[in-house]
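Here is the structure we will look at, set down as structure tokens.
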Number of protein chains: 2
Amino acid sequence: MNLRDLAVELGLSQTTVSRALNGYPEVSEATRQRVLDAARQHNYRPNTRAKALATGRAMAIGHVIPLSTRTEMVNPVFADFIAGASETYMRHGYDIVLSVIGDDQEDRVYLDMASKRMVDGVIVQSPTVDDPRIALLRKVGLPFVVHGRATDLPDDYSYVDVNNKRAFQRATEFLVDLGHRRIALVNGRERLGFAVRRRTGFEAGLAARGLAPDPALMLTDEMTEGYGYAAMRHLLTQEDPPTACLSASAIIAFGMRRAADEAGVRLGRDFSLITYDDDLSFFRNSGDEAIFTALRSSVRTAGRFAAEQLIDLIGDPGTPRQRLMEAELIVGRSTGPLRHDTRP
Amino acid sequence: MNLRDLAVELGLSQTTVSRALNGYPEVSEATRQRVLDAARQHNYRPNTRAKALATGRAMAIGHVIPLSTRTEMVNPVFADFIAGASETYMRHGYDIVLSVIGDDQEDRVYLDMASKRMVDGVIVQSPTVDDPRIALLRKVGLPFVVHGRATDLPDDYSYVDVNNKRAFQRATEFLVDLGHRRIALVNGRERLGFAVRRRTGFEAGLAARGLAPDPALMLTDEMTEGYGYAAMRHLLTQEDPPTACLSASAIIAFGMRRAADEAGVRLGRDFSLITYDDDLSFFRNSGDEAIFTALRSSVRTAGRFAAEQLIDLIGDPGTPRQRLMEAELIVGRSTGPLRHDTRP
DNA sequence: AGTGTTATCCAAAGCGCTTTCAATTACCGG
DNA sequence: CCGGTAATTGAAAGCGCTTTGGATAACACT
């Protein structure tokens, strides 16, 4: 059933039917009702492709989710981020076009999306410190919102980000105030903007309390459970091991906890751990008391904001839309004051 | 830059340019080269929408990822599944259209996709025991491949599934053979096909060894870390607690391990745990020796198979394509023989 | 020279929709 | 009862591509 069939069936022109369906004013209420009823009855939906071609708007947003070329891993935050964005898209009638692509070929995908005219805008995930996609997208004139920020580029594009620097600075100061002096950072890969900002915040927090960072306590890698495990083992076996640590994701923290358990180190008593927590749905850090003391910021909410900003931007591509979210510091069971007695 | 511009620039007709680009034979090699060069030089890509409209093929596959209405959770396996499928799509020039939708409205989305003609086929995720989508999709004539299977419907549709029954039966027998008699099952929600099959396998395993299932040891809920934790606590505090358990996902198993650690119960010694393991990239159950004894089957591979079958099916919608994968039983550190002495 | 054949190219229709421009009808005040 | 305005509807062009059904030129063969 297409528009013409429907028009014939109703004894009307395609023009009128189209107008009735799209809520244009120049059609009488009586006919509109008639059209609407017939459309519902026949379960008619306009052909997306034809509509897109005629209007010049694809009513679709592109999401590119990068696949780590090294570890073949897809970061689970994307699922929650898209779930958040999706609510907004749905309300506005947008679809999502997804590409999963090695993180070394993303540029190509964005160029493709732009020249194939298949989306009205895109979300850029996990920007690197000097992400080339930003300049690229601007050049081809495709509206975009970045989830996160680059660090070495001027902030004159649209983004949704968490104030990572502030969050990690606060958490670091919190640990120092508990008496800890040797504090480690188990970070994500530092070619990514957010990881750099977290390290900067960490260092700023130490500096604010008159401490200097120890490079031996600053680790960086892909954020997997296995990495957390390895990192914790590595930290615990140093000659002068840290007594506290900041982790860049709950998944890392879980790995660290596993290593701690194995070593007989109890979190919150023998070792303090604060983790960044994206509030992933299948991995809630909550309960009567949070498992981990954490910097929490919902990646799902970020998805919603990004989607809203992008749709806004598509409607009026003027000034960039920017939003910085603050992470909450949730005190849970994985932190405590420095103990001066020996380990059990 | 569109086809006409390109044609004008080359002094050729759109027809010829189109043919040259699409590899039709009735164009001379000389002109084809000329066209190809010009296209590359201008970074020309055919407009997807126009092409889709003209050919009647959208060159896109629909994936619907269900959002649990109860817990607002999106199962992280979807990310890996899509990553797997994506490789295949990419090779064949297909895009992915994604919908994230409450699991009570999925029917509507599929109907929409069908009538809006925006995809050439769809993947059906997480089928319930008598999933209505199967009949629906067949009715509207949209090619589909199911990831998993229903249980109460005839198996006459295309699917990719793991032999869940066999896997859980084997694992159960493995535990019994280690001496365990009271074995628990921490399952997913049993309105889902795979969960029912897993329970069936579990019961079959017990029966094969002359044991009867104890309903008090069979739990079912959404597969989150928190559920695993709660389930383990619940099991350990029973008057006659189980000595072993089967878990339906690695994420559940992690929650169970947390509860075990807290209770001073050591996995592999005091309590044996076998988990189903989707081999998620950010959560590898491996290392020198796997953390968990596990039934492993890569969800990513399943994604690849499903994509291949769907593309095949679109090309020739004849007999259903079906594929049953076997899960490996990997012996790791979370299982051991029943100990008859008291707990430490 | 006339007739097929083959290789190469093109004009135009059509995919299903929106939208411009024009036509028709109804209505109103003078 | 008429000119003018508003309300309602339609015909047709166009979005960017594919594809059908020729057209033209080149060539070989009788």
Side-chain angles (χ1 to χ4, degrees), chain A residues 1-36 38-39 42-60 93-95 112-120 140, chain B residues 1-36 38-39 42-60 93-95 112-120 140:
Chain A
M1 171 65 59
N2 60 20
L3 189 66
R4 184 176 40 205
D5 296 346
L6 195 62
V8 168
E9 169 133 348
L10 283 161
L12 288 169
S13 73
Q14 293 190 40
T15 313
T16 305
V17 176
S18 170
R19 281 178 176 144
L21 256 24
N22 290 305
Y24 282 74
E26 58 274 73
V27 44
S28 74
E29 264 322 304
T31 28
R32 185 190 306 281
Q33 265 318 320
R34 218 157 61 81
V35 171
L36 253 32
H42 290 86
N43 196 36
Y44 168 79
R45 299 268 195 308
N47 180 315
T48 318
R49 285 134 32 181
K51 190 161 182 162
L53 188 56
T55 57
R57 315 196 55 183
M59 293 311 284
Y94 280 86
D95 292 307
D112 262 32
M113 284 189 166
S115 49
K116 287 160 75 181
R117 289 290 133 83
M118 56 184 319
V119 296
D120 299 321
V140 299
Chain B
M1 172 67 57
N2 59 23
L3 190 66
R4 185 176 40 202
D5 297 347
L6 195 62
V8 168
E9 169 134 348
L10 282 161
L12 288 169
S13 74
Q14 294 190 39
T15 311
T16 305
V17 177
S18 170
R19 280 182 175 140
L21 257 23
N22 291 305
Y24 282 74
E26 56 275 75
V27 44
S28 74
E29 264 323 303
T31 28
R32 185 190 306 282
Q33 265 319 319
R34 219 157 59 80
V35 171
L36 252 30
H42 290 86
N43 196 35
Y44 168 80
R45 300 269 192 308
N47 180 316
T48 317
R49 285 132 35 176
K51 187 159 184 165
L53 188 57
T55 56
R57 314 197 58 185
M59 292 311 282
Y94 281 87
D95 292 306
D112 262 33
M113 284 187 165
S115 49
K116 287 159 76 180
R117 291 289 134 82
M118 56 185 317
V119 297
D120 298 322
V140 300

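In what follows, chains carry the letters A, B, and so on, assigned in the order in which the sequence lines appear, proteins first and then strands, with residues in each chain numbered from 1. Just so it is clear, the structure is predicted and the values come from calculations on it, not from any experiment. Note that these values count all heavy atoms, side chains included, but never hydrogens, waters or copies made by symmetry.
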Below 3.5 Å is the cut-off: list the nitrogen or oxygen pairs between protein and nucleotides 24-27 of chain C, distance only.
none

Atom pair [atom1]/[atom2] of [X] and [Y] - distance to nearest 0.5 Å:
X: B:Tyr44; Y: B:Asp5; atom1: OH; atom2: CG; answer: 9.5 Å
X: B:Asp95; Y: B:Met118; atom1: CG; atom2: CE; answer: 11.0 Å
X: A:Asn2; Y: A:Asn47; atom1: CG; atom2: CG; answer: 8.5 Å
X: A:Leu12; Y: A:Thr31; atom1: CG; atom2: OG1; answer: 7.0 Å
X: A:Leu6; Y: A:Leu10; atom1: CG; atom2: CG; answer: 5.0 Å

In whole angstrom, what separates [X]'s [atom1] from [N]'s [atom2]?
X: B:Met59; N: D:dT18; atom1: CE; atom2: P; answer: 12 Å
X: B:Leu3; N: C:dA12; atom1: CG; atom2: C1'; answer: 14 Å
X: B:Asp5; N: D:dC15; atom1: CG; atom2: C1'; answer: 13 Å
X: A:Asn2; N: C:dT18; atom1: CG; atom2: C1'; answer: 14 Å
X: A:Lys116; N: D:dC15; atom1: NZ; atom2: P; answer: 22 Å
X: A:Arg57; N: C:dT18; atom1: CZ; atom2: C1'; answer: 14 Å

Residues two or more places apart in sequence or in another chain: which of them pass side-chain contact (heavy atoms from CB on, under 4.5 Å) with [X]?
X: B:Ala20; answer: B:Val27, B:Arg32, B:Val35
X: A:Arg45; answer: A:Asn43, B:Asp112, B:Ser115, B:Lys116
X: B:Ala7; answer: B:Gln14, B:Val17
X: A:Glu26; answer: A:Arg19, A:Tyr24

Which heavy atom of A:Ala58 sits nearest a heavy atom of A:Ala52, and at what distance?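 Closest pair (atom of A:Ala58, atom of A:Ala52, distance): CA-CB, 3.9 Å.
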Grab the N/O contacts between the protein and nucleotides 21-23 of chain C below 3.5 Å, and write none if there aren't any.
{"from": "C:dC21", "atom 1": "N4", "to": "A:Arg19", "atom 2": "NH2", "distance (Å)": "3.3"}

In chain order, what residues pass the side-chain hydrogen bond (donor to acceptor under 3.5 Å, both in side chains) check against B:Thr16, with sequence neighbours excluded?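 Once residues adjacent in sequence are excluded, the partners of B:Thr16 under the side-chain hydrogen bond (donor to acceptor under 3.5 Å, both in side chains) criterion are B:Ser13.
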Nucleotides 4-6 of chain D: which of its N/O atoms have a protein N/O under 3.5 Å away?
none

When the axes are fitted on five pairs at both termini, how much does the helix from C:dA1-D:dT30 to C:dG30-D:dC1 curve, in 10° steps?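 Helix axis angle between the two ends: 60°.
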Mind running a 4.0 Å heavy-atom check of residues 47-54 of chain A against DNA chain C and sending the residues that fall below it, in number order?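 The stretch gives A:Asn47, A:Ala50, A:Lys51, A:Ala54 as the residues lying under 4.0 Å from the strand, ordered by number.
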Please list residues of residues 21-34 of chain B whose heavy atoms come under 4.0 Å from any atom in DNA chain C, ordered by number; otherwise none.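 The answer is B:Glu26, B:Val27, B:Ser28, B:Thr31.
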With no hydrogens and no angle check, is any side-chain donor or acceptor of B:Asp120 less than 3.5 Å from a backbone partner on B:Met59?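 Flag set: sc B:Asp120 to bb B:Met59 pair under 3.5 Å.
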Under 3.5 Å, is there a donor on one side chain and an acceptor on the other for A:Thr15 and A:Ser18?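 Checked: A:Thr15/A:Ser18 side chains show no N/O donor-acceptor pair below 3.5 Å.
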Go through residues 6-18 of chain B and report each residue with a non-hydrogen atom lying under 4.0 Å from DNA chain D, sorted by number.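 Hits under 4.0 Å, by residue number: B:Gln14, B:Thr15, B:Ser18.
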Looking at side-chain heavy atoms only, is the closest gap between B:Thr48 and A:Met113 below 4.5 Å?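 Side chain of B:Thr48 against side chain of A:Met113, heavy atoms only: no contact under 4.5 Å found.
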